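First up is the structure itself, then whatever we jot down about it.
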Amino acid sequence: MLSPERLALPDYEYLAQRHVLTYMEDAVCQLLENKEDISQYGIARFFTEYFNSVCQGTHILFREFSFIQATPHNRASFLRAFWRCFRTVGKNGDLLTMREYHCLLQLLCPDFPLELTQKAARIVLMDDAMDCLMSFSDFLFAFQIQFYYSEFLESVAAIYQDLLAGKNPNTVIVPTSSSGQHRQRPTVGEASVLEGVEASLFYQCLENLCDRHKYSCPPPALVKEVLSNVQRLTFYGFLVALSKHHGINQALGALPDKGDLMHDPATDEELERLLAQIPGLVNSATANPEASCLPSRTPPRVGSPWRPLHHARKLDAESDGSTEETDESET
Amino acid sequence: MCISFLIGDHIHLASSSMPSFPVLQRSSEEKILYSDRLTLERQKLTMCPIIDGEEHLRLLNFQHNFITRIQNISNLQRLIFLDLYDNQIEEISGLSTLRSLRVLLLGKNRIKKISNLENLKSLDVLDLHGNQITRIENVSHLCDLRVLNLARNLLSHVDNLNGLDSLTELNLRHNQITFVRDVDNLPCLQRLFLSFNNISTFESVCCLADSSSLSDITFDGNPIAQESWYKHTILQNMTQLRQLDMKRVTEEERRMASVVAKKEEEKRRESHKQSLLKEKKRLTINNVARKWDLQQHRIPSIATNQDRNVSDSPSQDPVSAFPEETGSLDSGLTNALQGLSVLDTHLVEVDGDTLSLYGSGALESLDRNWSVQTAGMVTTVSFTFIEFDEIVQVLPKLKIKFPNSLHLKFKETNLVMLQQFNALAQLRRVDQLTIDPQGNPVVNFTLWKYYVLFRLSHFSMQKINGTEVTQNDMIMAERLFGILAHVASSELPQYRLISILGDARKKQFRYLLETKGKKPGLVSEENNDSKKLAGENTNRATLNYTTRDFYNERLEEIKEKKKFCKMYMEDLVKEATEINMKNEALQKLWPQMFIELVRDAVIEIRNKNSYMKLCLQQITDQK
C-alpha cells in the first residue's frame with residue numbers, strides 16, 4: 001500500500017490524480033440533498049453504499065452529465081451501463097439512427113448533450129450522410145472512443161488540422177540557420193492532393209501530446225500500432241481504426257470484445273425471468289403493501305470492483321466442464 | 001266568285017261585290033228573333049264574312065272554324081261578346097272599333113302575342129288560353145278586366161301586371177312559369193291558378209305573400225308541390241288563403257303550418273348558431289396553430305409589432321388576420337364574427353366523451369368546476385398545440401377531475417424523447433394512446449411503441465395509434481427494455497431508490513395540495529393513490545421524467561450545495577493534510593526525541609542517592 005510512488009506525490013496531486021475529492025464531494029452533496037431520507041438509516045451506511053456503487057459502476061445511473069463526465073472511471077462505468085441496458089436492442093438486430101441512440105442515452109442521462117452523440121456518429125459514418133442507420137456495435141465502440149477520450153480527440157483534431165495546413169507543431173524553429181532542425185513541410189497544395197497526413201509524423205505529434213496531456217489518452221504503444229499499418233490516413237480514418245482496435249478496448253476495460261458484445265449470460269437470465277412474468281405482470285403487483293414495494297435487494301457486493309469482462313470470459317471458458325473446486329480468485 | 005251556302009234555314013250567304021269575302025244575310029225573322037246575337041259555329045269558315053245590316057249585334061260566335069284573321073267586324077260597334085274559340089287566328093287585330101267589347105274569347109288559336117287591345121277599355125273577360133303567347137304585355141290599360149285566362153301558352157314568367165285593377169281571376173295553368181312577380185300590384189286578385197308550371201321555390205313566387213286579396217291558389221303539378229315543406233310554407237306565408245289546390249284550408253292545417261314553420265325557424269337559427277360556433281372554433285384553432293408555429297420557430301416571426309397588434313386589437317383581427325379564409329365565410333357570418341370582442345388563444349371543447357384542449361391556455365380549464373356527470377362521461381382527452389412538458393404538470397389534476405379518461409391523444413405537443421413517456425406512468429390507467437406524427441418527432445423512432453409498452457406495462461394498453469397491442473408486442477417490449485428496468489431497480493443503491501421514488505411522489509402531492517380540493521376526503525384518496533402507486537410495476541418506477549425546466553432548476557439549486565461541499569471538503573482535506581504533515585514530521589523527529597527523553601532520564605538517575613533526595617523533596621514540595 002505504501003508504495004514509494006504514492007508517497008512521492010504531494011497530497012493534493014495524489015488526491016486529484018485518483019479523483020478522490022470528486023467522489024467525496026459528490027457523496028457529501030448527495031447526503032445533503034437527501035438528508036431526510038438518509039438520516040433514517042444512518043450516514044455510515046450511506047457512505048458504504050455510495051462507494052460500493054462507485055466500485056460497481058452504478059453510481060452514474062440517471063445522474064447529470066457533468067457528473068458522468070467528471071472522471072474516467074465514471075465515463076467507463078457509463079459506457080458499461082449503456083452496453084448492459086441496451087445490449088438487447090442491439091441483439092434484436094435493429095439499426096438505429098443517431099437520434100435514436102441519443103434517445104437511448106437520454107434514458108440513462110437526461111441532459112446528455114447531442115453534440116457528443118453526433119461526433120460519435122460521425123466516426124461511424126465517416127462524416128457522411130448523418131441520417132444513416134448504424135448498428136449497435138459500430139455505434140457503441142465509436143461512442144466509447146469519442147466519450148472516453150473526448151478531450152484527447154479534440155487536441156488530435158487540432159493537430160490534424162495543423163498538419164493539413166502545413167504547420168508542424170513539433171518543429172523547433174531555430175531563427176539563425178536556414179538549414180535547420182525543421183524539415184520544410186510540403187505546401188498546402190501538395191498536402192491536399194494526397195489525402196490525410198503522413199502516419200509517422202502524425203504519430204510523433206501524438207506521442208508528444210500523450211506525454212503532456214493531463215486527460216486520459218490511449219496507451220501510446222497501441223496508438224503506434226494503429227499508425228504503423230498505414231502510410232497516410234485521414235482524421236476519421238484514424239478514429240475508426242482506434243474504435244475498432246481490440247487492444248484499446250481492452251485497455252479501457254469497459255466493454256467486452258466485439259465478438260462478445262451480445263453475450264452476457266447473467267443479464268440474459270434476469271431477462272428470461274422477467275419475460276416469464278409477463279402474463280401475470282398486472283395482477284401480481286396490486287396486492288403488495290407499500291412497505292415491501294421496493295424490490296428485495298441482493299446483498300451488495302462488497303469490495304471487489306466489477307471485473308473487466310474479458311477476464312470473466314476466460315473464467316467461464318476454463319470452468320466449463322470442470323468441477324467447482326478450481327476457483328480462480330482475482331488479485 | 002260567288003260562295004253561297006246555307007246555314008240552317010234562316011241564314012243565307014250570298015255572293016258579294018268583294019271578290020273573296022262571303023256576305024252574311026239573315027232573314028228578317030231571324031233578325032227580329034235574335035236581333036243581338038249571331039252564331040256561326042262550325043261553319044267551316046276560313047275567313048270572317050262581311051256582316052251587313054247588323055249594327056245592333058251584341059253577341060257574335062265564330063267558334064270551331066278555320067278563321068285565320070279577325071276581319072270585317074269593325075262595323076259591329078255595339079259588340080259586347082265575341083267568341084273566336086278554336087280557330088286559326090295568328091294575330092289579334094281588327095278589334096280597334098269594338099269599344100264596347102266586354103268578353104273576348106280567343107282560346108285555342110295560334111296567337112303569338114298580346115297586342116292591339118288598346119281600345120278595348122271595357123274588356124271584362126279576356127280568354128287567350130291554348131295559344132302561343134310568351135309574354136304578358138299590352139294589358140295594363142284593361143282596368144275593368146276581371147278574368148284573364150292565359151292557360152296553355154308558352155309563358156315562362158309572370159310580370160307586367162300593373163294596371164289590371166279589377167282582375168279577380170288569373171288562370172296561368174299549363175305554362176312554363178318559373179317565377180311570378182307583380183301579383184301584389186293586383187288589388188282585387190282572388191283566384192290565381194298556377195297548376196302545371198315550373199315553380200320550385202317559394203322565393204320565386206314570394207310576391208304572393210304580399211297580396212292581401214288572394215284567397216284561392218293552385219300549385220299542383222309544379223315541382224314545389226312535391227317538396228316536404230310545400231304545404232306549410234305556403235300556408236305560413238299566405239295566411240289569407242282560403243283554398244289551396246282546390247281544397248279548403250282548415251284551421252288545423254293552418255295551425256300545423258305555423259307550428260312547423262316555427263320549428264323550421266328554430267332549426268335554422270340553431271344551425272346558424274352552430275355554424276357560427278364552428279367558424280369561431282376554426283378560427284381559434286387557426287390562431288392557436290399560428291401561435292404554436294411561431295413558438296416553435298417554424299415561421300419567421302415578422303416584426304413583433306404584428307404580434308402585439310394581434311393581442312391588442314383582436315376585434316379587428318378575426319377576419320383580417322386570415323384573409324385567405326374570408327372567401328369561405330358568407331357575409332352574414334363575417335359580420336357576426338366582427339362582433340366577437342375576444343379572439344381566444346386557446347380552446348376547450350367537450351363533445352360527449354371527448355375533451356379537446358387546444359393551446360396551453362386550455363390547461364387552466366382543468367381547474368374549472370366540472371359537473372360530475374360531464375366529467376364522468378369523458379373517456380378521451382386530446383391535447384393539441386400544447387408543450388408536452390406543460391401537460392405533464394397537469395396530469396395529476398387530470399387524474400382527479402376526469403377519472404374515466406382512458407384514451408389520450410397528443411398532436412403537435414413536442415414529444416421528442418422516449419423519456420417523456422415516463423411521465424404518463426403516474427396516471428391511473430390508460431387504455432389507448434394516440435401520438436400523432438405531426439409535431440411529435442418521437443414517433444420517427446422505430447422503437448417508440450415498444451418503449452411505451454414497456455414503461456406503461458402496468459396499464460396493459462389495448463391500442464397504440466389505432467393498432468391493437470398483441471402479446472408479441474409486449475414480449476418484444478420486455479425483451480428490448482427489460483434489462484433497463486432491472487438495472488434501474490436492483491442496481492441502484494438504496495438511498496437513490498428512496499430519493500428518486502420519494503421525489504416523484506413529492507411532486508405529485510405538490511400539485512394536489514395546491515388545488516382547491518383540500519377536503520379531507522380527498523387527502524385519504526391521495527393516500528390510497530400512493531398505495532396504488534406501489535401497485536405499479538415497481539422495477540420501472542424509478543424511470544421518471546423531469547421536465548427540462550425543472551431539471552435545470554434542480555441543477556441550479558444543487559450548484560449552491562456543490563459549492564458548499566467543495567469548500568467543506570477542501571477544509572477537511574486541508575485539515576487532513578496538515579495532520580498528515582504533522583504526523584510525518586513527528587515520525588521524522590520522534591526517534592531523536594525518544595533518544596533525548598531516554599538520555600535525559602538516564603542522566604537524571606545516574607546518581608541514585610541524589611535522585612532519591614530529589615524525588616522526596618519534590619513530594620514534600622507538592623504538599
Side-chain angles (χ1 to χ4, degrees), chain A residues 11-12 15 21 24-26 28-30 32-34 37-38 41 45-46 49-50 52-53 56 58-59 61-62 64 66 81 84-89 92 94 96-97 99-100 103-104 106-108 110-111 267 270-271 274-275 278-279 281-282 285-290 293-295 297-298 300, chain B residues 417-419 441-442 444-447 457-458 460 471 474-476 478-502 530-532 534-539 541-543 545-546 551 555 558 561-562 564-566 568-569 572-573 576-577 580:
Chain A
D11 319 326
Y12 283 118
L15 291 178
L21 282 184
M24 286 300 302
E25 280 169 22
D26 187 61
V28 175
C29 200
Q30 294 266 297
L32 274 182
E33 277 204 50
N34 303 302
D37 300 319
I38 294 177
Y41 65 91
R45 187 163 155 200
F46 162 74
E49 281 190 0
Y50 181 86
N52 271 334
S53 105
Q56 287 165 25
T58 57
H59 59 300
L61 289 171
F62 314 120
E64 61 278 8
S66 50
R84 288 188 69 222
C85 287
F86 298 114
R87 176 183 60 93
T88 41
V89 173
N92 202 36
D94 290 302
L96 304 177
T97 64
R99 285 202 175 267
E100 292 175 305
C103 239
L104 295 180
Q106 280 183 312
L107 284 175
L108 289 178
D111 59 346
T267 44
E270 201 53 52
L271 188 59
L274 285 171
L275 284 173
I278 289 184
L281 260 180
V282 179
T286 47
N288 293 345
E290 194 173 336
C293 80
L294 296 170
R297 300 177 39 71
T298 53
Chain B
M417 305 200 285
L418 290 176
Q419 225 197 355
V442 84
N444 294 330
F445 300 156
T446 42
L447 303 174
S457 60
H458 56 292
S460 21
Q471 180 80 320
M474 295 296 291
I475 292 180
M476 178 58 86
E478 201 62 32
R479 194 182 284 282
L480 285 175
F481 296 107
I483 304 289
L484 178 64
H486 171 71
V487 164
S489 58
S490 56
E491 299 199 356
L492 277 180
Q494 189 87 337
Y495 75 90
R496 290 216 60 211
L497 271 174
I498 294 182
S499 78
I500 291 181
L501 286 178
S530 73
K531 289 209 173 60
K532 269 208 218 121
E536 179 192 333
N537 200 355
T538 51
N539 76 345
T542 50
L543 297 172
Y545 174 62
T546 330
Y551 193 77
L555 288 184
I558 296 179
K561 293 204 182 107
K562 277 202 183 155
F564 166 75
C565 289
K566 201 171 165 74
Y568 180 67
M569 286 312 302
L572 281 183
V573 168
T577 47
N580 191 38

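Only a predicted model underlies this, so the values are computations on that prediction, with no experimental measurement involved. Note on naming: letters A, B, ... go to the chains in the order of the sequence lines (proteins, then strands), and numbering restarts at 1 for each one.
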What is the distance from atom CD1 of B:I483 to atom CZ of A:R84, rounded to the nearest 0.5 Å? 7.5 Å

Nearest 0.5 angstrom please: A:C85 SG to A:L107 CG, how far? 9.0 Å

Using heavy-atom distances under 4.5 Å, tell me whether B:F445 contacts chain A through its side chain, its backbone, both, or neither. both

Please classify the contact of B:L418 with chain A as side chain, backbone, both or neither, using a heavy-atom distance under 4.5 Å. both

At a heavy-atom distance under 4.5 Å, which candidate from A:D111, A:D26, A:D94 has the highest pair count against chain B? A:D111

A:E100 side chain vs B:T446 backbone, donor-acceptor pair below 3.5 Å: yes

For A:F62, is it the side chain, the backbone, both or neither that has a heavy atom under 4.5 Å from a heavy atom of chain B? both

When you look at NZ of B:K561, are more than 12 heavy atoms from neighbouring residues, nucleotides or ligands closer to it than 6.0 Å? yes

